[in-house]
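When a ligand or atom number is given, it counts from 1 through the structure's own listing order. Hydrogens, waters and symmetry mates are skipped; everything else that's a heavy atom, side chains included, is used.
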Amino acid sequence: MSRQALMSDPVCLIENDAANQLVINKEALQILTSITEPLVVVAIVGKYRTGKSYLMNNLAGRKKGFPLGSCIQSKTKGIWMWCVPHPLKVGHVLVLLDTEGLGDVEKGDSKNDAWIFCLAVLLSSNLVFNSLGTIDQRAMEDLHYVTELTKRIRLQASQKDGLNILECKRVFPSFTWCVRDFTLDLIYDGKEITEDEYLMISLKCKEEDPRSKDPQNKKKIEDYNLPRRCILQYFHSHKCFTFATPASSKKLRNLENLTNDELDPDFVAQSESFCSYFFKSGSVKNLPGAIAVNGRMLGSLAVSYVEAIKSGAVPCMENAVVALAESENTQAVKDAVTKYEAEMNSHVKKFPTQTELEFFQLHLECEKMAVKLFLARSFKDDKQKHQCDLKEKLDRAKERFSKMNEDASIRFCEKLLDELGQTLRKNISGNYYSKPGGHKMFLEEKMKIMETYDRKPGRGIKALKVQQEFLASIKDIEITIRNADQSLTEKEKEIAAEKAKAEAVRKEREIAEENFKRLEEEREQEKKRYEEHMDTLIKKMEDDRKKIIIENQQAIERIQKEAADMRREEIDKIIRNIPKPPEPPKSKCVIL
Ligand SMILES: *[C@@H]1O[C@H](CO)[C@@H](O)[C@H](O)[C@H]1NC(C)=O
Ligand SMILES: *[C@@H]1O[C@H](CO)[C@@H](O)[C@H](O)[C@H]1NC(C)=O
């Protein structure tokens, strides 16, 4: 949280530069990248000089920040961003996006205005439209961009004919209309109405008179209905706030320096209820599939969308999400492997482990942490491609650590035998055993060395192997000493040779048995590990599935509640066509 808590002022996130190109600001991107918490994103749109910034500053809990009224010229056209800790939702960050200069010819060409509006829709989870006076046709015209959304945004890559209403209700922001300098009484048909009712009445579509043959009239009604239908069908949770004029026009110029006492009390109360609505009920930014978006992800999405627009394409949410999932999953694999290596490195001082099993258990412990980290970050890894990749990389890392463990054991055992065999070696080269009875003395010394060796703790998993190699290295000398020992009869020599051979065979068998036991144990552990991973994975998939079901349910409820002008059959058709959430995979395709 430190970074965004330190964000003392808004920065430009997407700039409409002098060449009339949309450009992502690196500094803003860096700030987003440092935010790992989920976000509530509130974007405000509307004509310039309608008091948008005042509301945004209020949400940030500040008087100043987004510049107000008089100093507005200094601000670049585009989208400005301010990230602050969420005042109510612990562990969330409130991201405020202020669109700047929509419809303002002084700030250059309006060619990109519709794109700036689209970006506000795509990046936010709550869209606020700010207008002056009343909700009338003129205000509706300032919001004409909504009628272009269907041409300018694709939700699915395969989308053909316009925006899918269910998808919109699922992924588009909530909609709030702020009417500033509002002077009407909220009365309709002689009855008092709420602000929300005022909005819904204003958004009501006009019925076409079926008897009318006038095409002009038909067009007029369609023009009237289109923006209203778009607002109703694309967005959800329609909400309205009306605001009194904040202060006398003389004082207004100095708005940011006025205390609440100097402002109209109604205006102050209205601003408070506006903020409290977003603090309590502001939607969290999600991607389709109820995937919570953090700052880093929002930054990537912004880059994807701006790139698409610059290349002349229509930004597509599905494509952006696929690209995002790819980069997030790749990073998730990297993070998980790094975690595994760091955890294993902390065990390296325990190498060599007493047994193979002990090593294997250390590995499992670290692998579990790595997988947990991976699953926490990865999403939409539908074909388990990244899971496979992670498994491969972890297997390779495990091999490396296994080799380190073996090497530590070999080093330890070789050094130990080197020390224990000093006298034996010295006496061999001093020909001490080349005499009658020398063979017996040689065997006694060999026995002593082996007994000391066997009792020594900490030799690790290669103890037998190194011992065998040691014995093999003195085998020829043993034969030479035996053959040269004149105190032995031929018969005794034969028996001694048999014994030496039997000993070698016994060692071989011991090693083979140990290997076999190790494999058995590993297989056992592997099975346990597999079952455990399956449990974790199936749980994650079940959770994801549940989230999608809830998301579907919410989208359906939103349609049923608010798409008042839609016919019953239309609604039923949309609901019938809801795609089923994916089934958890059969165990076969799970590889972790
Ligand atoms: C607010 O006050 C500061 C210093 O007191 C002044 O510099 C600034 O111009 C004032 N703002 C407006 C909008 O008058
Ligand atoms: C090694 O040789 C020395 C004489 O050089 C002898 O005193 C000693 O007992 C021998 N040790 C063994 C273990 O054979």
What's the verdict on side-chain hydrogen bond (donor to acceptor under 3.5 Å, both in side chains) for Lys310 and Gln21, showing C-alpha distance, side-chain angles and the deciding distance? CA-CA 7 Å; Lys310 275 163 78 174; Gln21 281 280 329; 4.7 Å; no

Listing, residues 281-291 side-chain donor-acceptor contacts under 3.5 Å, not counting sequence neighbours, or none:
unit_1 : atom_1 : unit_2 : atom_2 : d
Lys285 : NZ     : Leu122 : O      : 2.9
Lys285 : NZ     : Ser124 : O      : 3.2

Would you mind writing out a table of all protein N or O atoms found under 3.5 Å from any N or O atom of ligand 2, naming both atoms and giving the distance to 0.1 Å?
unit_1   : atom_1 : unit_2 : atom_2 : d
ligand 2 : 2 (O)  : Asn427 : OD1    : 2.7
ligand 2 : 2 (O)  : Asn427 : ND2    : 2.6
ligand 2 : 11 (N) : Asn427 : ND2    : 2.8
ligand 2 : 14 (O) : Asn427 : ND2    : 3.0
ligand 2 : 14 (O) : Tyr433 : OH     : 3.0

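- For His363 and Phe360, the ring centers are positioned less than 6.0 Å apart.
- The ring-ring contact (aromatic ring centres under 6.0 Å, His included) analysis of residues 421-469, with sequence neighbours excluded, yields the pairs Tyr433-Phe442.
- With sequence neighbours left out, the side chain to side chain donor-acceptor pair (under 3.5 Å) criterion links Glu414 to no other residue.
- Between the side chain of Lys493 and the backbone N or O of Asn483 there is at least one donor-acceptor pair closer than 3.5 Å.
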